[in-house]
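Convention: sequence-line order gives letters A, B, ...; per-chain numbering from 1. All of these numbers come straight from a predicted model, not from anything done at the bench.
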Amino acid sequence: MTGCCGAGEKGHAGERPSLERVDVLSNERIAEGVGLMILHARHTASLVEPGQFVHLRVDKGRDFILRRPFSVHRARGEQIEILYQVLGQGTLAMAELSCSDDIDLIGPLGHGWDVPADVNHALLVSGGLGAAPLGGLAEKLAREGVAVTCAMGAPTQERLVGLDVFEAVARRVVIATDDGSEGELGFVTGPVERLLAEGSFDIVYACGPEVMQRAVAAMCAEVGVRCQVSLERLMACGIGACLSCVVTTKDGLKRACVEGPVFDAEEVCWDVSEIPPKH
Amino acid sequence: MTGCCGAGEKGHAGERPSLERVDVLSNERIAEGVGLMILHARHTASLVEPGQFVHLRVDKGRDFILRRPFSVHRARGEQIEILYQVLGQGTLAMAELSCSDDIDLIGPLGHGWDVPADVNHALLVSGGLGAAPLGGLAEKLAREGVAVTCAMGAPTQERLVGLDVFEAVARRVVIATDDGSEGELGFVTGPVERLLAEGSFDIVYACGPEVMQRAVAAMCAEVGVRCQVSLERLMACGIGACLSCVVTTKDGLKRACVEGPVFDAEEVCWDVSEIPPKH
Amino acid sequence: MTGSPDMSVVIGSLTLRNPVLTASGTFASGREYADFVDLSRLGAVVTKGVSLKPWAGNASPRIAETACGMLNSIGLQNPGLAVFTQKDLGWLETQDVPVIVNVSGHTVDEYAEICRRLDSDSRVDAFEINISCPNVDAGGMVFGTSCPDAASVVSACRAATSKTLIVKLSPNVTDNTEIARAFVDAGADAVSLINTLLGMAIDIEKRRPKLARVVGGLSGPAIRPVALRMVWQVANAVDVPVIGMGGITNSRDAVEFMLAGATAVAVGTANFVDPTTTMRVVDGLTEYARSEGLVRVEELIGALET
Amino acid sequence: MTGSPDMSVVIGSLTLRNPVLTASGTFASGREYADFVDLSRLGAVVTKGVSLKPWAGNASPRIAETACGMLNSIGLQNPGLAVFTQKDLGWLETQDVPVIVNVSGHTVDEYAEICRRLDSDSRVDAFEINISCPNVDAGGMVFGTSCPDAASVVSACRAATSKTLIVKLSPNVTDNTEIARAFVDAGADAVSLINTLLGMAIDIEKRRPKLARVVGGLSGPAIRPVALRMVWQVANAVDVPVIGMGGITNSRDAVEFMLAGATAVAVGTANFVDPTTTMRVVDGLTEYARSEGLVRVEELIGALET
Ligand SMILES: Cc1cc2nc3c(=O)[nH]c(=O)nc-3n(C[C@H](O)[C@H](O)[C@H](O)COP(=O)(O)OP(=O)(O)OC[C@H]3O[C@@H](n4cnc5c(N)ncnc54)[C@H](O)[C@@H]3O)c2cc1C
Ligand SMILES: Cc1cc2nc3c(=O)[nH]c(=O)nc-3n(C[C@H](O)[C@H](O)[C@H](O)COP(=O)(O)OP(=O)(O)OC[C@H]3O[C@@H](n4cnc5c(N)ncnc54)[C@H](O)[C@@H]3O)c2cc1C
Ligand SMILES: Cc1cc2nc3c(=O)[nH]c(=O)nc-3n(C[C@H](O)[C@H](O)[C@H](O)COP(=O)(O)O)c2cc1C
Ligand SMILES: Cc1cc2nc3c(=O)[nH]c(=O)nc-3n(C[C@H](O)[C@H](O)[C@H](O)COP(=O)(O)O)c2cc1C
Ligand code: FES
Ligand code: FES
């Protein structure tokens, strides 16, 4: 009865988020502690832009109440893909879902990656699950004829996700792992620094731990390359009403769920610590 | 690690309740709003006496926290049967369990039906799910050579449960339904009154809605036949520690979970209303 | 439609089409929810707290999840009265719904000044004076827990406006009935409760509070029994309408609050969980009133048998 | 065993082998739990409230379930001091565990008399004075919410015994720090908190309260954030040890309370859910202390960084 409601009320039929009941089409463990869930989300799939997210409800009848925000990794046809790391009770509950379960989500939400018209060669930098919101972006850039290079970081080879998507469309993929089990040993910032020194990029898109994004933003500022980052904040409503997700920017507080999660790296006041404590 | 603990601490190895992880062997809807769950409960099955109950945990990670008490309908080998009516969130969660799920229970608990040595012919009176704790009793009486007559009440034929068990061992089964869809029309107290008038019973065991038990108790007192009833109270701990389940008796307050749920009808102060509100 | 119950209720000089409101701070001014909620089917929109000047609110993290609830320490971040009047009231004007402005301040004068400035604004139907927020240092709960101070805020607001004046009570006090009576004496047309319970959560790995501000306000289903008890106590202590809130998630919860004595109810945290909650509550409450054969939903108010 | 942390903590003149206690009224005197718990592995058993004469408690229904919590209105039903001394203390004597007797009364004298009579009983290690129960009409919370009254109970008990005196605080007050300080001034060796939050639930079909007594005490995970906040506030306000409780379900919760300033913790409602909870908390706390490289578990007390 509630179903997909509201869309159209403002005359932007189809451009507004809606509450959508969705079926789980598949849900598999694809790396250590990481799941890939495919949802049949007609409304969201048709509208979502790379970098946007959905607000998933996995809590019905559970002892926790809030929704959980997840980037859409890729959208194809009527389906969306969610790449998620199992961390706490919400993602544990997600890992238990199986094909034919139905859940609900609000989406698509937020401001995704901007692709300026003059971009020729983009560097995508991911740290761990940061690959999630970059998957759809890589494909879109490739479709639009932009050359893509990817620098991926992960703790170990077992926890590297998204490689297949990047490899399918990128000109070049460079990998760094903390233990050297895949690619070079160390943080992804190492290869990023070398790549930037090559001077061929006109934009950098970064997602991963906030310290990594901050470091990448600093390197980009150094060499004068535009940089966009996707920031995580704890989110209650996900639609701009509760002000739990604010990011301190040079223009004041902005809501990560509406004005973000993608921000211009220059805008962000990096020295204000707002990172939720993750284990 | 916790598993089956404590038993033996007091030298009564095996006679004490324990916390037992159990597997669901089957769980089926057997009547309108009624499920039959078979659990593999080695410890409890080997010890439980008719009229005793188990305290089931179905709440892990849910937004309600307490266990739910259920009589053991029958025990066979290492299995116990639970007949349950779906009423609220706890029993709804039970109805969703399926074969291979594991849950935990505390059992066996409480004081069950007493079978005095001089009993020759027993009348078992059930109202609705009141048949649950009487199933094992009927079988036990039959095994011990006591003649069994059953009077069963239910709202409708679709909601009559336990008939097969009673029919297998009872000399006679009389049925009354509120709408006359099976047996005679009306409450079970009608047939009970007639049966008692026959004068052949030396004990009555009753379980069902408290008003029904009270009426049966009054009729038994009238004709001077012993009567035992099984009372329901809201229970938190189930093991005698919290005093949430008290029954007002002529000897003061008694705990339904330890001194009951089976009480001598004469003991109970029927005019004190302690019935939890059921829809 | 014959047979359908009259769902309207009266708060001060306002007649609401039904008793279902939004709880301040959980619904902004409604614009973000317009995709999910038909605002013209709400009893009223209660806006996010507004102060005279812009407030930056507290540092992040500002929320933490707890068992069946959440803590927040937003700290009344808002762009101030001028922006609110232009943007929020401007948008709300285009919607067919009564508007209750939730008022915050650091001083007695600030509260009164907001009421004064909006007194002649026809887009505003009533004020809810928030002297109970646990998340600001001056004002907020400091007022809400001490009778004389809080009553002076109410008197000043009363003098500043002839619109309906609702005062929002803090649950973090020993005796709410005493405070509620003082507010009514000071001129409140209605009281609303509860605001959040002061709470805390700790990250044991970091040995740090989960909220940057250390403590925050607990809301959601976890607090419902406390809220219901306070609504019942206050409704029995004062003669003005009571607006009940705290953990309301569905229409059954709303009925509980009305039976306890609430004239209207507000939905807060549940909006985050299901943005259509208010609509479900309106529908469910109407259905309940119908199934109980009520002529007016008002028959439920305080109809608890004890 | 080398490398294993010293788990002992000190409350007044008592040294407990670890900081894990049972919350009064949820564990009786322990006999019912002996099938599930090795009592000799507990820090102490806190008994059900005992009064001078037998108390009948409240009418049934006495409990109702709520979101992540429960309401109870047991009303301190107990067989009185004489039976308690013979039966409960008689049994506890055979167990290797310190005993803290939870004391209830209707008058100042009743509280003091119980302490006096048990003062020379070697089976009793400490008293916990319950002036905070929301479920009795006289005594109980009436004392717990008003400073002078409550302090006079504490002074009288102090005069009656030289054993360790713990005073249990009510959460249903505006400012617990003030009350805690008054109790310490009156002679308390330690304070424990929180008792239950006053709450209510309604059966909307019957339009009646779910509890026969209408209101009752809310306990369980739902109240944990409120309890933790109060423990933190009180631990920062007094110099005596604080015993923290309210919704503790596992060792992570226990660590939160210790970081907030609790010297020991008590497990209440969680015993009903899993009767082995105290054992899990002892094991988990020991493991946490070990993994954090602590020499003494006491290093956790108040170690929160704010
Ligand atoms: C816009 C956005 C997009 C996101 N996209 C993805 C994604 O594609 N894949 C993915 O795996 N994760 C993503 N996240 C993070 C994801 O939302 C959290 O990991 C998840 O909510 C944790 O839920 P939980 O119940 O398992 O953990 P909890 O038990 O709630 O918490 C575990 C830890 O994670 C932290 N955490 C909880 N919620 C959030 C949150 N909303 N943001 C950041 N940290 C949080 C907590 O502080 C805690 O330390 C995204 C977050 C945002 C804000
Ligand atoms: C010793 C004992 C044995 C029982 N045996 C059986 C049995 O064999 N089969 C069966 O179907 N039911 C039995 N019951 C009742 C059963 O425990 C309740 O129906 C069940 O707990 C309801 O859980 P729920 O979550 O579905 O309902 P809830 O949502 O908790 O409540 C639904 C309604 O049931 C009432 N209720 C809840 N718990 C109890 C309780 N413990 N006792 C009585 N009423 C309650 C509530 O007041 C409410 O009105 C027994 C109860 C006791 C005390
Ligand atoms: C994120 C958030 C922000 C809030 N902001 C305000 C506010 O600005 N003014 C106010 O009076 N109450 C505010 N509250 C309190 C709510 O209006 C409400 O009183 C409380 O949350 C209890 O209701 P609930 O449990 O339904 O959320 C806020 C609550 C939350 C959760
Ligand atoms: C059923 C029940 C009975 C209680 N009886 C007492 C009591 O006799 N004396 C007392 O001081 N506290 C009593 N309490 C309060 C608990 O000791 C404890 O303070 C409170 O429940 C909070 O802890 P929890 O959330 O872990 O249960 C009782 C609590 C419950 C649930
Ligand atoms: S999550 Fe509510 S405003 Fe962003
Ligand atoms: S249920 Fe706790 S004493 Fe019976």
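- The existence of a salt bridge linking D:R280 and D:E287 is excluded, since no basic side-chain nitrogen approaches an acidic carboxylate oxygen closer than 4.0 Å.
- Of the two parts of C:L71, only the side chain, counted from C-beta on, holds a non-hydrogen atom closer than 4.5 Å to a non-hydrogen atom of chain D.
- Looking only at heavy-atom pairs under 4.5 Å with chain C, the residue among D:M230, D:E292, D:M258, D:Q233 that has the most is D:E292.
- Only the side chain of C:Y288 comes within contact range of chain D, with at least one heavy atom under 4.5 Å from a heavy atom of that chain.
- Heavy-atom pairs under 4.5 Å with chain D peak, among C:T306, C:V226, C:L304, at C:L304.
- Side-chain atoms of C:N271 and C:T26 form a donor-acceptor pair, as typed in the model, at a separation below 3.5 Å.
- Ranked by heavy-atom pairs shorter than 4.5 Å toward chain D, the options C:I202, C:V214, C:T66 are led by C:I202.
- For chain C, the option among D:P225, D:G220, D:C68 with the highest count of heavy-atom pairs below 4.5 Å is D:P225.
- Only the side chain of D:L300 comes within contact range of chain C, with at least one heavy atom under 4.5 Å from a heavy atom of that chain.
- In this structure C:E298 satisfies the side-chain hydrogen bond (donor to acceptor under 3.5 Å, both in side chains) test with no other residue, sequence neighbours excluded.
- In this structure, D:R296 has no salt bridge (Lys or Arg N to Asp or Glu O under 4.0 Å) partners at least two apart in sequence or on a different chain.
- Taking the charged nitrogens against the carboxylate oxygens, C:R181 and C:E178 have no contact shorter than 4.0 Å, which rules out a salt bridge.
- Neither the backbone nor the side chain of C:A64 comes within contact range of chain D; no heavy atoms are under 4.5 Å apart.
- With rounding to the nearest 0.5 Å, the separation of CG in C:N250 from CG in C:L285 is 11.0 Å.
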